[in-house]
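Quantities reported herein were computed from a predicted structural model and do not represent experimental measurements. Hydrogens, waters and symmetry mates are skipped; everything else that's a heavy atom, side chains included, is used. Throughout, protein chains are lettered first and strands after them, A, B, ... in sequence-line order, and every chain is numbered starting at 1.
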Protein chains: 2
Amino acid sequence: MTPVAKRKMERRKTFNDYIARKQLKSTKQRDTIFNEFFNNYMGKHVTVEELYEDIKQNHPSIGFATVYRTLKLFKESGIASERNFGDGKARYEPIRSETEHHHHMICTECGQIVEFANMQIESCLHQVAKLNEFGVANYKLEIYGKCSKCSEG
Amino acid sequence: MTPVAKRKMERRKTFNDYIARKQLKSTKQRDTIFNEFFNNYMGKHVTVEELYEDIKQNHPSIGFATVYRTLKLFKESGIASERNFGDGKARYEPIRSETEHHHHMICTECGQIVEFANMQIESCLHQVAKLNEFGVANYKLEIYGKCSKCSEG
DNA sequence: TTTATTCTTGATAATAAATATCAATATCGT
DNA sequence: ACGATATTGATATTTATTATCAAGAATAAA
Ligand SMILES: [Mn+2]
Ligand SMILES: [Mn+2]
Ligand SMILES: [Zn+2]
Ligand SMILES: [Zn+2]
């Protein structure tokens with residue numbers, strides 16, 4: 001099994017566990033959205049609209065509201081992250097591992113998103129939180145500017 | 001003159017310069033909103049609605065749209081920052097100095113906002129950007145969780 | 001000071017993302 | 001298969017923000 005496939009399976013299990021714990025139900029629609037999301041959007045940051053349009057190609061009967069609800073469910077169950085890059089639309093990305101954290105540089109010119117991680121920032125951040133007796137649930141670091149392509153010339 | 005008053009005067013100059021450069025006009029309304037904002041909301045993070053309600057007390061004729069437009073203008077002119085802490089409402093805060101940068105810890109329980117600054121994070125961040133040839137325009141770091149009061153017990 | 005130009009204002013309509021509603025349907029434990 | 005409960009898709013609603021526009025204010029020229 002490829003690493004990507006393994007990752008998908010792990011998220012699937014997390015999701016199934018969540019479904020069971022909360023006494024929710026497995027449905028065709030949730031399966032479809034799960035597969036589309038984890039097959040085609042790993043490492044991407046997709047809007048609800050984009051995912052809906054994509055899914056509609058092969059599953060025209062799936063409703064817009066269901067895609068909204070399901071992505072929210074993915075977030076609640078811990079298999080997806082919601083991102084907001086300042087254009088007023090929520091974006092979702094599949095979570096790669098339970099522990100991994102990464103941040104984003106957003107090009108305000110072309111929209112390109114570059115991901116990065118930095119241990120030192122991570123530890124500074126927790127240090128600051130500890131100093132203020134602040135219990136960290138999550139955090140985000142976003143850098144806005146121009147990517148290398150857009151700032152050359 | 002107190003440091004606070006001096007700060008306000010500096011922002012006023014920046015704003016006047018911007019007005020002149022862009023061939024905009026000085027108005028009673030902009031004066032009123034400027035004063036209210038810089039007198040009462042230094043170090044705060046006020047929503048448009050909150051500021052509007054506050055100003056309405058003494059200036060009932062000022063319209064909602066004008067407060068919206070003027071805060072946007074403050075942002076464009078570089079005397080205010082827009083913040084988004086995930087509740088769907090934009091917040092504005094007066095800028096304290098042209099160079100200062102700070103970040104936020106947001107208590108998801110009581111809404112308290114704790115500000116912090118960290119040189120080390122700052123320099124890591126610029127290092128990462130440089131490595132990716134990314135021209136930094138601005139950046140934000142937000143920590144969500146529970147403040148000391150809300151997590152005790 | 002008058003006049004002309006341009007910008008601003010306040011009220012209100014429009015937009016757009018996200019959520020709520022609800023009757024019909026699907027899931028699941030028994 | 002039955003009954004209880006959750007889900008779905010269509011659509012209406014909400015909410016923050018932006019656009020529209022006629023009337024009024026600010027500025028520059030005359
Ligand atoms: Mn990402
Ligand atoms: Mn602040
Ligand atoms: Zn770019
Ligand atoms: Zn708190």
Base, sugar-phosphate, or nothing: which does B:Q23 touch, judged by heavy atoms less than 4.0 Å apart? sugar-phosphate

Just compare C:dC28, C:dG10, D:dA16 and give me whichever is closest to any side-chain atom of B:A65. C:dG10

Grab the OH-P distance between A:Y18 and D:dA6 for me, whole Å please. 13 Å

Short side-chain donor-acceptor distance under 3.5 Å, A:H103 and A:H101: no

What nucleic acid atoms does A:K89 come within less than 4.0 Å of, heavy atoms only: base, sugar-phosphate, or nothing? sugar-phosphate

Taking atom C1' of C:dT21 as reference, at what distance in whole Å does atom CZ of A:F64 sit? 17 Å

Is the A:F15 ring parallel, tilted or perpendicular to the A:F34 ring (thresholds 30°, 60°)? parallel

A:S26 or A:E82, whichever maps to the more 5' nucleotide of DNA chain C: A:E82

In whole angstroms, how far is the C1' atom of C:dC28 from the CG atom of A:N16? 15 Å

When you get a sec, tell me which of C:dT8, D:dT7, C:dT19 is the closest nucleotide to the side chain of A:R30? D:dT7

Donor-acceptor check, side chain of B:D54 to backbone of B:E50, threshold 3.5 angstrom: yes or no? no

So which one's nearest nucleotide on DNA chain D is more toward 5', B:E49 or A:I19? A:I19

Check the distance between C:dT8's C1' and B:I33's CD1 and give it to me in whole angstrom. 11 Å

Min side-chain heavy-atom separation A:L24-A:R30 under 4.5 Å: yes

Using whole Å, what does the distance between atom P of nucleotide C:dA11 and atom CZ of B:R69 come to? 11 Å

Which of the following nucleotides, D:dT17, C:dT27, D:dG9, is nearest to the side chain of A:K28? C:dT27

Among the nucleotides D:dT18, C:dG10, D:dG9, which one has an atom lying closest to any side-chain atom of A:T66? D:dG9

Could you state the CD-P distance from A:E50 to C:dA18, rounded to the nearest angstrom? 12 Å

When you measure from the side chain of A:Y68, which nucleotide among C:dA18, D:dG9, D:dA26 comes out closest? C:dA18

Send over the distance from A:Y52 OH to C:dA17 C1', rounded to a whole Å. 15 Å

Taking only Lys NZ, Arg NE, NH1 and NH2, and the carboxylate oxygens of Asp or Glu, determine whether A:E53 and A:K56 approach each other closer than 4.0 Å. yes

For D:dT8, does OP1 or OP2 lie under 4.0 Å from any side-chain N or O of A:T27? yes

Minimum-distance nucleotide (side-chain atoms of A:K72 versus C:dT19, D:dG9, C:dT6): C:dT19

Rounded to the Å, how far apart are B:K25 NZ and D:dG24 C1'? 11 Å

Between D:dG9, C:dG10, C:dT8, which one does the side chain of B:L24 approach most closely? C:dT8

